[in-house]
Amino acid sequence: MIKPLRVRDFMVTNLHVVTPETEIMTAVQGLVDHNISGLLVVDQDGQLAGILTERDCINVALQAGYFDEGGGRVRHFMTADVKTVDADTALMDIADAFASNSFRRFPVMENGKLVGLVARRDILRAFTCGAWFAAPDTERRR
């Protein structure tokens, strides 16, 4: 029997995170150093508090350019209202969500806990693996 691939099969589990109290320039440097386009923001209990994207950080650069100020805490620049997906969501559904809106990544939740991140590139990686479907016990993780 063939079963559809799920988000858990291709999500990234090695997450780069910051806290709302992280200095924004430290977070920006993290984006650059890790060559990533977004950081998950977690509170002291490890709960998802928001997301900080390159787009959010461009506002930091604009503020520095206009006001000669480039500081502050991540909480002032992050997006707090974050759309998440469940680890068992079918990849086809996530591909449709990416095609239907401007989101570039979704934090992945399981039983109320942050367990990963799925991005557009992960969908493309799944697609280039040869099939949108896998045998029931196949595991694909990175």
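Sequential numbering from 1 along the given sequence is applied to the chain's residues.
Residues Phe98 and Phe103 share a closest heavy-atom pair of CD2-O, 3.2 Å. Heavy-atom minimum distance, Arg125 versus Phe10: NH2-O, 2.7 Å. Closest non-hydrogen pair, Glu110 versus Asp86, comes out as CA-OD1, 4.5 Å. Here the shortest heavy-atom pairing between Thr89 and Asp93 reads CG2-CB, 3.9 Å.
If you take CG on Leu91 and CZ on Arg8, they are separated by 11.5 Å, rounding to the nearest 0.5 Å. Atom CE of Met78 and atom CG of Leu52 lie 9.0 Å apart (nearest 0.5 Å). Atoms OG1 and CD1, from Thr128 and Ile123 in turn, are 11.0 Å apart once rounded to the nearest 0.5 Å. Note that the CG atom of Asp81 and the CD1 atom of Ile51 stand 11.5 Å from one another [nearest 0.5 Å]. A distance of 13.5 Å separates CG of Asp56 from NE2 of His76, quoted to the nearest 0.5 Å. Note that NE2 of His16 and CG of Leu39 are 8.0 Å apart. Values are rounded to the nearest 0.5 Å.
There is no path of hydrophobic side-chain contacts, each under 4.5 Å, that joins Val12 to Leu40. Clustering ILVMFWY residues whenever any of their side-chain heavy atoms sit less than 4.5 angstrom apart, transitively, puts Val82 in the very cluster that holds Val17. Grouping the Ile, Leu, Val, Met, Phe, Trp and Tyr side chains by contacts below 4.5 angstrom, directly or via other members, places Val18 with Ile36.
With Asp45 contributing its side chain and Gln47 its backbone, the two residues share no donor-acceptor pair below 3.5 Å. Between the side chain of Asn35 and the backbone N or O of Leu31, no donor-acceptor pair lies under 3.5 Å. Between the Ser100 side chain and the Asp96 main chain, a donor and an acceptor come within less than 3.5 Å of each other. With Glu21 contributing its side chain and Arg73 its backbone, the two residues share no donor-acceptor pair below 3.5 Å.
Partner Met11 forms a side chain to side chain contact (heavy atoms under 4.5 Å, CB included) with one of Asp122, Leu117, Val115 and no other, that one being Val115. Here the rule is side chain to side chain contact (heavy atoms under 4.5 Å, CB included) with Phe77, and of Ile58, Val41, Val60, Val28 only Val60 fits it. With Ser37 as reference, Arg105 is the one residue of Arg104, Arg121, Glu54, Arg105 to meet the side-chain hydrogen bond (donor to acceptor under 3.5 Å, both in side chains) rule.
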Using the rule given for side chain to side chain contact (heavy atoms under 4.5 Å, CB included), can you reason through Ile94 versus Val118, listing the C-alpha separation, both sets of side-chain angles and the distance that settles it, and then say yes or no? CA-CA 9 Å; Ile94 298 305; Val118 64; 4.3 Å; yes
Dump the intermediate steps for side chain to side chain contact (heavy atoms under 4.5 Å, CB included) on Leu114 and Val42, then the final yes or no. CA-CA 9 Å; Leu114 178 65; Val42 297; 3.8 Å; yes
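Taking the side chain as every heavy atom from C-beta outward, Pro20 and Val74 never approach each other to under 4.5 Å.
Judged purely by distance below 3.5 Å, without hydrogens or angles, the side chains of Thr79 and Arg55 never pair a donor atom with an acceptor atom.
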